[in-house]
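See below for the structure under consideration.
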Amino acid sequence: MRGRVMIGRDAELDRLCAIAADVREGVGGGALVTGEAGIGKSRLITEFATVERSQGLLVLVGHGVDLAGGHLPFGTLADTVRDAVHRLGRDELERLAPDACRALGAIVPVLAGAPARESSAGASPSADRVAVLGGAIQLIDALTAERPLCWVVDDLQWADPQTLDLIAVVTRGLESRRVMFVGTFRTPVVEPEAAALLADLASLSEVITIRLGRLDEATARRQLRRVRGAALDPATEERILRLGEGLPLFIEHLAIEAGTTPNGVPESLGAIVDGRLRRLADAVTAVVDAAAVAEGPTDLEGLATVTGSPPAVVGAAVDEAAAARVLEQGDDGELRFVHTLVRDWVVSRLPPARRRALHRAWADLLDGKRSEHVGDVVASALHRRAAGDEAGAIRGFGRAAVIAARTGDSTLETSCLRQVYALWGSVQDAEAVCGMGIADVLFNLCVAGTSADEVAVLGDVLRRELAGGHLAGTATERLWLTMRLEQAEGRAPAAPVSVEQTTRDRARVLFEAAPSLVVLDALQIAGRWARRFDGALAARLHRRAWEMAREVGDTRARIRSEVFVGFDHLARVEPLAEARRLLALEAEYAALPVADWSMAVESAVTCLVDAGHYDEASVLAEQALLRLQDPQLAPRRYAGIAVCLGAARAEVGDWSGAERWLQVVESTYEPVRSEVAGIRLRIMTRRGQVAQLEPHLSTAMTALEPGPDLVGQRHELADVVTALYAVGKASEARRWLHALEGEPGGWWFAALWPALNAALRFEVAALQAPAPGGDPELIARLDELSQQFDWRGPAADAFRAEHVALLARSRRADSVDQWAAAADGWAGIDRAWDEAVCRLRLAEAYAAQGDRRLAASELLRANDIAGRLGAAGLLAEARVLGRRHGVALPIQRLTPPSSDLVSPLTAREREVLELVAEGRTNDEIAGRLCISPKTASVHVSRILAKLRAGNRTEAVAIGRREGLVG
């Protein structure tokens, strides 16, 4: 294990070394290295000194010392002179500047011939100020006469006034001397003399300021692994990165003591904090204790109320705590600890009774506000729980869950309901206190947890409940818990015989069960499984759940029943009618939490895309995503809508816009990666990027390995088949198509017809090739299936029109009218790429009947579309046909259109970027937005990834350039 390592400061080190290079050439200069405590200023200086000493530069270092009794006269200068004695020897200094040595002997006795053991005693109070400063200047001049010199003062804010005077003299006229001055100081500077000098130094043209910021996550991880010398387990590593908050000193201590203090503050850091706390008066300690228990930023008014002290007294205490580097006050007036670990250490020192009393005081203060802000309500509940008031805590968490649901924060709702569940058995008459029954708690927890993708939380709660929880434990309730657990774990229904038989057996039980919230939810789950093998049974289950929702369900249960009952027929057969039906319900469910209404919106957007209303789908999807704001609040819903938006943009040829939304989806919800890969395959094949298909093809195919989902609305089959044909793997594409067996009555037509259409294009083209290679039997089978696709809407009409033309072409009997109808069908729904494909075939049909003028017109139109889209494959095909039929086509440049979509940053991410631009830490961002520090860290990481920024500063710069922040 290696401590004291420098990571991520290469640019700053290079700036210092550049000044040193100038000094060696006779041009002096200086640097001020600033940053908060623990940021790595001293480590940077140590690295710099090591590098430059190896290059022949004389580097002398003095340290400012924070002394409780005040400054030691000439203390920092004496430390510097002792370093000179150590590096050059007394005799060498005597040779260079004998008069200076005699003068400086007053502060460093060894220079006056005193024994070395006495030389650390410090300066005599009677030392002559003028003589000592004059001697120091003489020594500097003598040293620089023979070699370049760098004088470093570490912790300049604590340097004594005499040394500060010397620095002021030395730094005047630096440019004409072979002297480099480097001072480090921690911010904020509260010492008046040091602050004045620093302001003067910063104004000098020869002096640059280097501000050290906290390490980004990648750099902090590198430091952690460098210190350890070996990888830690992922959980420990993530904990250290979270607690370290980008401060190198804290990361180092946490790394060194990893495993010895798994849940607390390392003793080495605790000793540092204790050193600061011991200097505080009792009144200041009381304020610090209260601030620590507040569990987040607070203000003077709140501290005054909790401590019962006058505001003036609290203000003075805060100033003293800030001077001791325990608390700090932001520009917004909020008070916070300089680091989370400092707060944790303060809390750990509090006696339990004192801690509980402070928690009660904070809870009383928050409750007295009667705030509807969910952050205040959650904070009060947390304080009640910490104070031992379980009834107050469960009441608060229940109220916070309702508010979170109303605002669409499924993640917070899940967290609050989990707390309610954990407290349920410890509170007498919990239902009356909380305002909801245990069935409501579990149902809402399952719905919110699923939306938030908190499957681990759901699995834990459901297993505990099955093992003997709070529900009555009837057979129907246990069946519901089992079905929900299967869903959370991604398992098929328990199948002693078969999934189908298990589902039918459960359906019989549920049809006979008395109406209740859990029964209607079980009916919906069973209906989703029944849809795979018996559409009529699925419709009955969903219809019964729809009826039951009106008897016993709340608005959340009712809207879910509307979505499920519509999927059984309308969404599959008449998607446009289903979209209109769902959107007409918005007024009825206006008060529904946005995350729940988004379930209906996702279904409506899916139906609009399936129907071919791509622009309407895009507008609706963008509006919904703006309402959801933060993808982490309801990642499953957010990703589902964003995938549909990406698909809509891909179909109309806005491929760059589609890609931007696919990137958003990838950073939001990992389980949809196969769908994202499928849409990318669609875009790449249309662009003609065949060589880049393979990695995305393998990802998309993983979703199909168990067999294509014929009843779900996923389009991977069409994308995979198209890509396989494009890369020359026709036999494998045919294997997937031959898997389309059985009756298509319950199939999802909008997802399957694109696969049939893609296959027909390739198979018919192969039949027309000089060496025929198509599969007539497959063409006949696909035609037979398509006749049973009872799918209606503009997109269905376009598919059917091209289907007719393709079948005629397979018999060499296609006509102008058929291909014109196909091209017009695609043009009518703005699917430009498909339109161009059909216009190429239409041009061939005109040429076949001898009409070269109209053939040329269609070729020009197809060529123009292909160029506008950046479709290399279509452009190449158009050029071949142009040469064949004597049509001169203009050269098209492959410049894909720019997207006019909203920023790829979500609304919440833009909020976070604004706070990053203000210089906020992850903890501060979390406090401001009422999210966890971990979630704040995730947001920052995603912002960096999306903006391709190396650090927070670069992200802010890019954000300002792109107009994302003010």
>> Test your reading of the model: is there a side-chain donor-acceptor pair from Ser857 to the backbone of Arg853, 3.5 Å cut-off?
In response: no
The complete set of side-chain hydrogen bond (donor to acceptor under 3.5 Å, both in side chains) pairs with one or both residues in residues 833-842, sequence neighbours excluded, reads Arg761-Asp834, Asp824-Arg839, Arg831-Asp834, Glu835-Arg839, Arg839-Glu858, Arg841-Glu844, Arg841-Glu877
I would like to know whether Leu620 and Glu616 meet side-chain contact (heavy atoms from CB on, under 4.5 Å); could you show each step before the answer? CA-CA 6 Å; Leu620 179 61; Glu616 184 181 354; 5.6 Å; no
From the list Asp719, Leu717, Leu724, side-chain contact (heavy atoms from CB on, under 4.5 Å) partner of Val721 resolves to Leu717
Are Val619 and Gln623 close enough that some pair of their side-chain heavy atoms sits under 4.5 Å apart? yes
inquiry  = With a 6.0 Å cut-off (strictly less than), is the heavy-atom count around CD of Glu777, excluding the residue itself, greater than 12?
reply    = no
| query | Any salt bridge between Asp790 and Arg792, counting N to O under 4.0 Å? | reply | yes
- prompt: Can you check whether Phe799 and Trp826 have ring centres sitting under 6.0 Å from each other?
  reply: yes
Evaluate the side-chain hydrogen bond (donor to acceptor under 3.5 Å, both in side chains) criterion for residues Trp748 and Asp610: first the C-alpha distance (whole Å), next the side-chain angles of each, then the deciding distance (0.1 Å), finally the verdict.
-> CA-CA 10 Å; Trp748 199 269; Asp610 286 349; 3.1 Å; yes
*Quick one: do Arg734 and Glu763 make a salt bridge, cutoff under 4.0 Å?*
yes
Are the side chain of Arg581 and the backbone of Glu562 linked by a donor-acceptor contact shorter than 3.5 Å?
yes
One should read off an interatomic distance between Gln768 CD and Ser810 OG, to the nearest 0.5 angstrom, of 8.0 Å
Report task. Measure the acute angle between the ring planes of Phe789 and Trp747, then classify it against the limits of 30° and 60° as parallel, tilted or perpendicular. Result -> perpendicular
Residues pairing under salt bridge (Lys or Arg N to Asp or Glu O under 4.0 Å) where one sits in residues 633-648, two or more places apart or in two chains, turn out to be Glu602-Arg637
Ignoring hydrogens and angles, tell me if any N or O in the side chain of His696 forms a donor-acceptor pair with the backbone of Ser674 under 3.5 Å. no
In this structure, CG of Leu608 is separated from OG of Ser618 (nearest 0.5 Å) by 9.5 Å
Do Ile943 and Val912 come within less than 4.5 Å of each other through their side chains, counting heavy atoms only?
yes
When every non-hydrogen atom of Gly959 is compared with those of Leu913, the smallest separation belongs to CA-CD2, 4.1 Å
So, does Arg781 use its side chain to make a donor-acceptor pair with the main chain of Leu740 at under 3.5 Å?
-> yes
**Request:** Report yes if some heavy atom in the side chain of Leu767 is under 4.5 Å from a heavy atom in the side chain of Pro776; otherwise report no.
**Result:** yes
**Prompt:** Is any NZ, NE, NH1 or NH2 atom of the basic residue among Lys729 and Glu694 found under 4.0 Å from an Asp or Glu carboxylate oxygen of the other?
**Reply:** yes
- Query: Hey, are Glu666 and Arg680 close enough for a salt bridge, meaning a charged N less than 4.0 Å from a carboxylate O?
  - Reply: yes
Open item on the list: Could you go through Phe564 and Met599, starting from their C-alpha distance and side-chain angles, then the distance that decides it, and tell me whether this counts as side-chain contact (heavy atoms from CB on, under 4.5 Å)?
Closed with: CA-CA 10 Å; Phe564 286 122; Met599 182 182 184; 3.8 Å; yes
Side chains of Phe749 and Pro575: does their closest heavy-atom pair fall under 4.5 Å?
-> no
By side chain to side chain contact (heavy atoms under 4.5 Å, CB included), Arg735 pairs with (sequence neighbours left out) Glu732
Original post:
Glu622 side chain to Leu645 main-chain N or O, any donor-acceptor pair under 3.5 Å?
Top reply: no
